[in-house]
Amino acid sequence: MASQTDTSLLSAELEEEEDEEFRQLLLQATQKIQSAMPSVRDSKPIQPQPGFCIKTHAGAQEKVFVNVCRSLHVPPPPDLSREELECLIESDSASSFRVPMSLGEPHAELDNSGNGCTAYDVVINSGFFSKVEADPFFKEFFITVALEGLADKYKMDVNHPEWRILKNRKFMGSISGQTIRTKSSPVIQEMDFSSPVLPKFTILAEPAGRPPEFLLAEIHLPSVGSARELSLELGQDRVVLRGGPGPYVLDIYLPHDIVPERSHARFHRRTAVLTVKMPVQPQLGPP
């Protein structure tokens, strides 16, 4: 599941005549947000509903079953069409599309032959589950992402190409309740918009070819003339941008957890591009 969102407005570097005024606005907003943030991590229990069951293997012999479940309490990913997803996968920013999911702890079960096996519960948003069920392309994409997520979290070698969906059962063993982190409502609220515009954006991980040190987002906002028109919020794994005529609305999950309080943004008025530089949280090595 996505990490806890630590909502904060980024400090921005603007053109000289805007600097002092915008810094004061940022200071006031930051103080207001920090005073409203809960001191402990908010969470709530959910009871996932069964969806379908995947059979695969870890290593050469160990049977692994993945119970794909659904819940309205898990946030959905960005709403893309099949064509948009195909273009995104083929682009350099494919990792910017993130599927929020809750990965449950492994539980020991018995298969139909009475042999021991391991099962995992993966919970996704109910609406996204319906899209996955309706489109084989989305289903194959999601299963690949889910298996990669389990392999990364539990450090196991999952045989991605050899999975299959069971026809006669929706889950292996039993589906336990899970606890998910909840995100508090933003302190800074914008007016309701009837026709939001999704801006063009790219997210690059730097340096390329090895564990990234930071993410660099470039968001194109051709109708925006000043940073005063924008509201930008960062969480550990999320970017939310609103504002400008249209209006522009961008709400995306990041491919890596970041450090919001060390992130910086700058709006370039000549090119109408907002650049956001976000340090990636360092990965903890083995003890």
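Starting from 1, each residue takes its place in the sequence as its number.
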Visitor: Should L80 and F137 be regarded as members of a common hydrophobic cluster, given that ILVMFWY residues are connected when their side-chain heavy atoms come within less than 4.5 Å of each other, either directly or indirectly?
Guide: yes
Visitor: What's the shortest heavy-atom distance between M172 and D111, and which atoms?
Guide: CE-CA, 4.3 Å
Visitor: Under the 3.5 angstrom rule, does the side chain of Y248 hit a backbone N or O of S223 as a donor-acceptor pair?
Guide: yes
Visitor: Search all heavy atoms of E62 against all heavy atoms of T118 and return the closest pair with its distance.
Guide: OE2-OG1, 3.1 Å
Visitor: Could you tell me if the side chain of P100 sits less than 4.5 Å from the side chain of P77, heavy atoms only?
Guide: yes
Visitor: Atom CG in D121, atom SG in C53: separation rounded to 0.5 Å?
Guide: 9.5 Å
Visitor: Around R82, counting heavy atoms of other residues, nucleotides and ligands shown, do more than 12 lie under 6.0 Å from its CZ?
Guide: yes
Visitor: So how far is it from E218 CD to T202 OG1, rounded to the nearest 0.5 Å?
Guide: 5.0 Å
Visitor: For residues F65 and E109, determine if any side-chain heavy atom of one lies less than 4.5 Å from a side-chain heavy atom of the other.
Guide: no
Visitor: Any non-hydrogen side-chain atom of K63 less than 4.5 Å from a side-chain atom of K55?
Guide: yes
Visitor: Find out whether F128 and V74 are in side-chain contact, i.e. whether some heavy atom of one side chain is under 4.5 Å from a heavy atom of the other.
Guide: no
Visitor: Would you find a donor on one side and an acceptor on the other, under 3.5 Å apart, between the side chain of D257 and the backbone of D237?
Guide: no
Visitor: Roughly how far, to the nearest 0.5 Å, is CZ of F52 from NZ of K170?
Guide: 11.5 Å
Visitor: Give the C-alpha distance, both sets of side-chain angles, the deciding distance and a yes or no for side chain to side chain contact (heavy atoms under 4.5 Å, CB included) between E133 and K139.
Guide: CA-CA 6 Å; E133 283 285 79; K139 176 175 282 189; 2.7 Å; yes
Visitor: Determine whether L150 and V64 make a side-chain contact, defined as any pair of heavy atoms from C-beta on separated by less than 4.5 Å.
Guide: no
Visitor: I need the S226 OG to L221 CG distance, nearest 0.5 Å.
Guide: 11.5 Å
Visitor: Can L198 be reached from V240 by stepping across I, L, V, M, F, W or Y side chains whose heavy atoms are under 4.5 Å apart?
Guide: no
Visitor: Under the criterion side chain to side chain contact (heavy atoms under 4.5 Å, CB included), I'd like the reasoning laid out for F201 against V239: C-alpha separation, chi angles, the key distance, then a yes or no.
Guide: CA-CA 12 Å; F201 68 94; V239 174; over 6 Å; no
Visitor: So which heavy atom on R98 is nearest to which on P255, and how close?
Guide: NH1-C, 3.9 Å
Visitor: Would you check if R238 and Y253 make a side-chain contact, meaning some heavy-atom pair closer than 4.5 Å?
Guide: yes
Visitor: Can you check side chain to side chain contact (heavy atoms under 4.5 Å, CB included) on H107 and N67, steps first, answer last?
Guide: CA-CA 11 Å; H107 47 99; N67 298 320; 4.1 Å; yes
Visitor: Is there a path of hydrophobic side-chain contacts, each under 4.5 Å between heavy atoms of I, L, V, M, F, W or Y residues, that connects V122 with Y154?
Guide: yes
Visitor: Residues two or more places apart in sequence or in another chain: which of them pass ring-ring contact (aromatic ring centres under 6.0 Å, His included) with F142?
Guide: none
Visitor: Could you pull out the closest heavy-atom pair between M101 and V145, with the gap in Å?
Guide: CE-CG1, 3.8 Å
Visitor: Other than V259, which residues form its hydrophobic cluster under the rule that side-chain heavy atoms must be closer than 4.5 Å?
Guide: none
Visitor: Got a donor-acceptor contact below 3.5 angstrom from the Q236 side chain to the I258 backbone?
Guide: no
Visitor: Report the residues that fulfil ring-ring contact (aromatic ring centres under 6.0 Å, His included) with F138, sequence neighbours left out, ordered by chain and then residue number.
Guide: none
Visitor: Could you check whether any side-chain heavy atom of Y120 comes within less than 4.5 Å of a side-chain heavy atom of K153, counting everything from C-beta outward?
Guide: no
Visitor: What verdict does the side chain to side chain contact (heavy atoms under 4.5 Å, CB included) test give for L274 and L232, after you've listed the backbone C-alpha separation in whole Å, the side-chain angles of each residue and the deciding distance to 0.1 Å?
Guide: CA-CA 10 Å; L274 178 68; L232 179 65; 4.3 Å; yes
Visitor: Please find the pair of heavy atoms, one from S126 and one from L72, that lie closest to each other, and give the distance.
Guide: OG-N, 3.3 Å
Visitor: So, K131 side chain and D79 main chain: donor-acceptor pair closer than 3.5 Å or not?
Guide: no
Visitor: If you round to the nearest 0.5 Å, how far is CG of L166 from CG of N168?
Guide: 8.0 Å
Visitor: Would you say the side-chain atoms of R242 pair up with the backbone N or O of L250, donor to acceptor, closer than 3.5 Å?
Guide: no
Visitor: With the 4.5 Å side-chain cut-off for hydrophobic clustering, are I252 and F214 part of the same group?
Guide: no
Visitor: What I'd like to find out is whether the side chain of H220 reaches to under 4.5 Å of the side chain of P199, using heavy atoms alone.
Guide: no
Visitor: Mind listing the closest non-hydrogen atom pair of A227 and F267 along with its distance?
Guide: N-CD2, 3.9 Å
Visitor: CD/Q178 to NE2/H73 distance, rounded to the nearest 0.5 angstrom?
Guide: 12.5 Å
Visitor: Are W163 and I124 linked, directly or through other ILVMFWY residues, by side chains that come within less than 4.5 angstrom of each other?
Guide: yes
